[in-house]
Amino acid sequence: HYLFAQANTLAVAVIGAKVVLTGSARIRYKRPVYVGEKVVAKAMVKTQRGNTVLVSVHSKVDMEIVFKAQIVLSVQDHKFKLTGEGKSKD
């Protein structure tokens with residue numbers, strides 16, 4: 001649950017709009033993460049169609065991918081404009 005929460009929060013943050021709803025998520029847990037391991041997540045906007053945005057998130061421990069997600073977000077802010085595809089955030 002923590003890995004998905006981290007990934008979803010990062011995906012919403014990379015969009016940068018005031019109101020964003022998670023529509024769906026395709027998630028893959030690659031291996032368990034244990035107490036004391038440092039998880040680093042990176043998110044990248046893949047595509048945008050209107051107010052719908054696809055964000056890819058990869059979480060790693062050291063250099064090993066432990067979690068992947070493709071998250072579809074719906075932006076509810078009518079003044080929102082994404083500043084280009086490929087936008088990423090750690």
Side-chain angles (χ1 to χ4, degrees):
H1 291 90
Y2 291 106
L3 293 176
F4 174 72
Q6 179 188 40
N8 191 62
T9 301
L10 186 59
V12 169
V14 77
I15 299 301
K18 290 183 181 181
V19 181
V20 180
L21 303 174
T22 301
S24 65
R26 179 176 180 214
I27 60 174
R28 298 288 182 257
Y29 294 93
K30 297 298 189 177
R31 76 156 176 88
V33 174
Y34 300 101
V35 173
E37 290 184 313
K38 181 180 176 183
V39 178
V40 177
K42 293 190 177 188
M44 178 177 279
V45 174
K46 291 299 200 178
T47 61
Q48 178 185 8
R49 287 191 187 141
N51 286 347
T52 302
V53 181
L54 175 65
V55 178
S56 177
V57 181
H58 292 97
S59 300
K60 295 181 180 182
V61 171
D62 295 323
M63 296 302 290
E64 180 184 8
I65 293 177
V66 295
F67 177 84
K68 289 185 190 185
Q70 298 287 323
I71 302 173
V72 177
L73 301 167
S74 176
V75 179
Q76 302 299 306
D77 183 354
H78 299 291
K79 296 179 183 176
F80 171 76
K81 181 167 173 105
L82 190 62
T83 58
E85 289 181 19
K87 184 177 177 183
S88 65
K89 190 168 192 170
D90 297 340

**Q.** Joint cluster assignment, V39 & V57, ILVMFWY side-chain distance < 4.5 Å
**A.** no
Q | Hphob cluster co-occupancy, V55 + V66, side-chain heavy atoms under 4.5 angstrom | A | no
Name every donor-acceptor pair, under 3.5 Å, that has one atom in a side chain of residues 24-32 and the other anywhere in the protein, sequence neighbours excluded.
unit_1, atom_1, unit_2, atom_2, d
R31, NE, E64, OE1, 3.0
R31, NE, E64, OE2, 3.2
R31, NH1, E37, OE1, 3.4
R31, NH2, E37, OE2, 3.1

Q: Please name all residues satisfying side chain to side chain contact (heavy atoms under 4.5 Å, CB included) with R49, sequence neighbours left out, ordered by chain then number.
A: none
For a quick test of your reading: what N or O donor-acceptor pairs under 3.5 Å do the side chains of residues 6-21 make, sequence neighbours left out?
unit_1, atom_1, unit_2, atom_2, d
N8, OD1, T22, OG1, 2.8
N8, ND2, T22, OG1, 3.4
T9, OG1, A5, O, 2.8

Q. Could you give all pairs that pass the side chain to side chain donor-acceptor pair (under 3.5 Å) test and reach residues 51-63, with sequence neighbours left out?
A. S56-Q70
Q.
With clusters defined by side-chain heavy atoms of hydrophobic residues (ILVMFWY) lying less than 4.5 Å apart, directly or transitively, does V61 cluster with F67?
A. yes
Q. Which distance, rounded to the nearest 0.5 Å, do you find between the CG of L73 and the CD of Q48?
A. 11.0 Å
(Q) Apply the hydrophobic cluster definition, ILVMFWY joined by side-chain contacts under 4.5 Å directly or through others, and give me every member besides V35. (A) none
